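Remarks on the structure that follows.
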Protein chains: 2
Amino acid sequence: MDASFNPVVSPLIRKLESIIALSDDERQAILDLPLQVMSLRADQDIVREGDRPSRSCALLEGFACTYKSTAEGKRQITAFYIPGDIPDLQSLHLEVLDTSLGTLTPSKVGFIQHEVLQELCDRHPRIARAFWRETLIDASVFREWTVNVGRRDAYARIAHILCELMARMRAVGLARDHTVQIPITQHEFADASGLSNVHVNRVIQALRSDGLIVLKGETLQALDWERLKEAGDFDPTYLHLSPKAEAA
Amino acid sequence: MDASFNPVVSPLIRKLESIIALSDDERQAILDLPLQVMSLRADQDIVREGDRPSRSCALLEGFACTYKSTAEGKRQITAFYIPGDIPDLQSLHLEVLDTSLGTLTPSKVGFIQHEVLQELCDRHPRIARAFWRETLIDASVFREWTVNVGRRDAYARIAHILCELMARMRAVGLARDHTVQIPITQHEFADASGLSNVHVNRVIQALRSDGLIVLKGETLQALDWERLKEAGDFDPTYLHLSPKAEAA
DNA sequence: CGTTTGGTTGAAATGTGTCAAACTTTGTGG
DNA sequence: CCACAAAGTTTGACACATTTCAACCAAACG
């Protein structure tokens, strides 16, 4: 039941258990995965657009994001990743990476060879389904982000992003009450929301003076979760959290 | 070899064969799928956000799109679908739909029960992988759309969308040269690009007067494919087309 | 303690939205 | 086959949300 004897993969176990109940057998298969663990500094690329990786990685500690850059040199972050996530599982079935993946903070990632993952999937169909499901949830999040960036004004966009981070952190037990540590700069919020960093700053001040949030340093607190959700037009359905994770 | 004896599923076969080479066995399994075919008018919902469908569908004829609406009533289209696509394969592993799926034109869709699909996947691991891969490509397209809507100006946004449609239609043999039939209104392009219909109209006129496209009625012609790609900052990598499909 | 990084402010510029009306094409029933 | 309705496209004037630029401030860091 307790994965603490292998602290390295425990975020991954915790994440998978929030998706499906693992049998002892399955849990052991995860624990036995040959993982190449690597520590990375902040703002380092893990893999880059155009790469043809032979392995995927699990984010064990720290924060990361996928992003793409336009010809004009503007950057769009397309997703944030938190401990337990497998940000580039897609490369298991897509030869060429269409996006870059980089750290936001000092991080620890565990690399797993594709053959190993493939064999795990062949041997444990339920784990395969859980992985597939994971990638489907990623896709759902991308859809929501398109809506966010395409059809919400700046105020709602930022509120929505904050809501998503809060909900996901809570779902994996990385928050107490409605307070979380989010080491994301305003510049990065800008790249995630399709706004300028200056405007993000003004919006955050508005959210503060409206009494919705406290955001100082890395600490984000939702002072009024219900109103914040409303401001961000946030409905957590698209995160496909398990009922217990959602209630957390 | 020839799927023409069952014309109904042939777009699906063609699409799958553009992903993996099907064995006779596998092709037959697809042909044998119990498909409930249904004809739909334009602008009809196939499934809606919040539904818990027990089946997925293949788009056999016509055009469709996934979309979500904000609390303010604004609509964002998150993807276009063309014949052969399986727009809601996600519902196989996600209980609640987080997006709506509707037709753009009169269409014919084939519904397949989830249990049947699941059994197909269990029996034919390569088909399962092809399906998974399909959903990963969908995810890749959503990422690109987020970039498009978040970080490109109106001119590039529209050019990019036109490029994607052109490339995908060519990949499944629905174009000759650089001319395709695209029954999508400017209002729909607006909802796909996060712009107003008025502005879409002005941008399309600019693309026309710059000699990049002819767009009249449902006919889109790329007069200068290379310049159109450049205008749209379009790199087809994210579509993960097979080499032969890409050359088509 | 200086340097870097991230946050804040103000003024001016601009891309895109809104509104309202006219025009054009497509579809349909008489 | 015409007449009309409906749907889609085009136009102009104006409003405004957001960007850009440039400077300054605050906090973190070696």
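Numbered from 1 within each chain, the chains take letters A, B, ... in sequence-line order. Note that this is a predicted model, so its numbers are computed, not measured.
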Considering every strand and a 4.0 Å limit on heavy-atom distances, what is the contact class for B/Asp153: base, sugar-phosphate, or nothing?
sugar-phosphate

Once you build an axis from the first five pairs and another from the last five of the helix from C/dT8-D/dA23 to C/dG30-D/dC1, how far apart in angle are they, to 10 degrees?
50°

Distance flag, aromatic centroids of B/His160 and B/Tyr238, threshold under 6.0 Å
yes

Residue-level proximity of residues 200-211 of chain A to DNA chain C when a heavy atom falls under 4.0 Å
A/Asn201, A/Arg202, A/Gln205, A/Arg208

For the pair made of CD in A/Glu218 and C1' in C/dG7, what is the distance, rounded to whole Å?
14 Å

Residues 213-221 of chain B, side-chain donor-acceptor partners within the protein, below 3.5 Å, at least two apart:
| from | atom 1 | to | atom 2 | distance (Å) |
| --- | --- | --- | --- | --- |
| B/Thr219 | OG1 | B/Gln181 | OE1 | 3.1 |
| B/Thr219 | OG1 | B/Gln181 | NE2 | 3.4 |

Looking at residues at least two apart in the chain, or sitting in another chain, which of them share a side chain to side chain donor-acceptor pair (under 3.5 Å) with B/Lys15?
B/Asp85, B/Glu134

Does any N or O in the side chain of A/Thr103 come within less than 3.5 Å of the main-chain N or O of A/Pro106, such that one atom is a donor and the other an acceptor?
no

For the atom pair CG (A/Asn148) and OG1 (A/Thr146), what is the distance rounded to the nearest 0.5 Å?
9.5 Å

Range on DNA chain D touched by chain B - first to last nucleotide, heavy-atom distance under 4.0 Å:
D/dG8 to D/dA13

For B/Thr78, which residues count as a side chain to side chain donor-acceptor pair (under 3.5 Å) partner, sequence neighbours excluded?
B/Thr66

Check DNA chain D against residues 62-70 of chain A and give the residues with a non-hydrogen atom under 4.0 Å, in numerical order.
none

Between C/dG10 (C1') and A/His199 (NE2): distance, integer Å
15 Å

Applying side chain to side chain donor-acceptor pair (under 3.5 Å), can you list everything that pairs with A/Tyr81, at least two apart in sequence or on another chain?
none

Donor-acceptor pair between B/Asn197 and B/Gln186 side chains, under 3.5 angstrom
no

Side-chain atoms of residues 47-55 of chain B: list all donor-acceptor pairs with protein atoms under 3.5 Å, sequence neighbours left out, distances to 0.1 Å.
| from | atom 1 | to | atom 2 | distance (Å) |
| --- | --- | --- | --- | --- |
| B/Arg48 | NE | B/Asp45 | OD2 | 2.8 |
| B/Asp51 | OD2 | B/Arg48 | N | 2.8 |
| B/Arg55 | NH1 | B/Gln36 | OE1 | 3.0 |

Note, B/Leu104 side chain near B/Phe80 side chain (heavy atom, < 4.5 Å):
yes

May I ask you to list the residues of residues 178-188 of chain A, by number, that have any heavy atom positioned under 4.0 Å from an atom of DNA chain C?
A/Thr185, A/Gln186

Between B/Asp191 and A/Arg151 (salt bridge meaning N to carboxylate O under 4.0 Å), is one present in this structure?
yes

Nearest 0.5 Å, what's the CZ-SG distance between B/Arg168 and B/Cys163?
13.0 Å

If you restrict it to nitrogen or oxygen atoms, what contacts under 3.5 Å exist between nucleotides 22-28 of chain C and the protein, and what is each distance?
none

List the steps and the verdict of salt bridge (charged side-chain N to carboxylate O under 4.0 Å, His left out) for A/Glu230 and A/Arg227.
CA-CA 5 Å; A/Glu230 196 182 326; A/Arg227 278 210 300 144; over 6 Å; no

Hey, are the side chains of A/Phe234 and A/Leu228 touching, using non-hydrogen atoms and a 4.5 Å cut-off?
no

One should read off an interatomic distance between A/Leu60 CG and A/Ser107 OG, to the nearest 0.5 angstrom, of 9.5 Å

Distance check needed: C/dT16 C1' versus A/Leu195 CG, whole Å only.
14 Å

Check salt bridge (charged side-chain N to carboxylate O under 4.0 Å, His left out) between B/Asp138 and all other residues, then give those that pass, not counting sequence neighbours.
none

Taking CZ from B/Arg151 and C1' from C/dT16, how many angstroms apart are they, rounded to a whole number?
16 Å

Output yes when a side-chain donor or acceptor of B/Ser91 lies under 3.5 Å from a complementary backbone atom of B/Leu94, and no otherwise.
no

Sidechain N-carboxylate O distance under 4.0 Å for B/Glu144, B/Arg152
yes

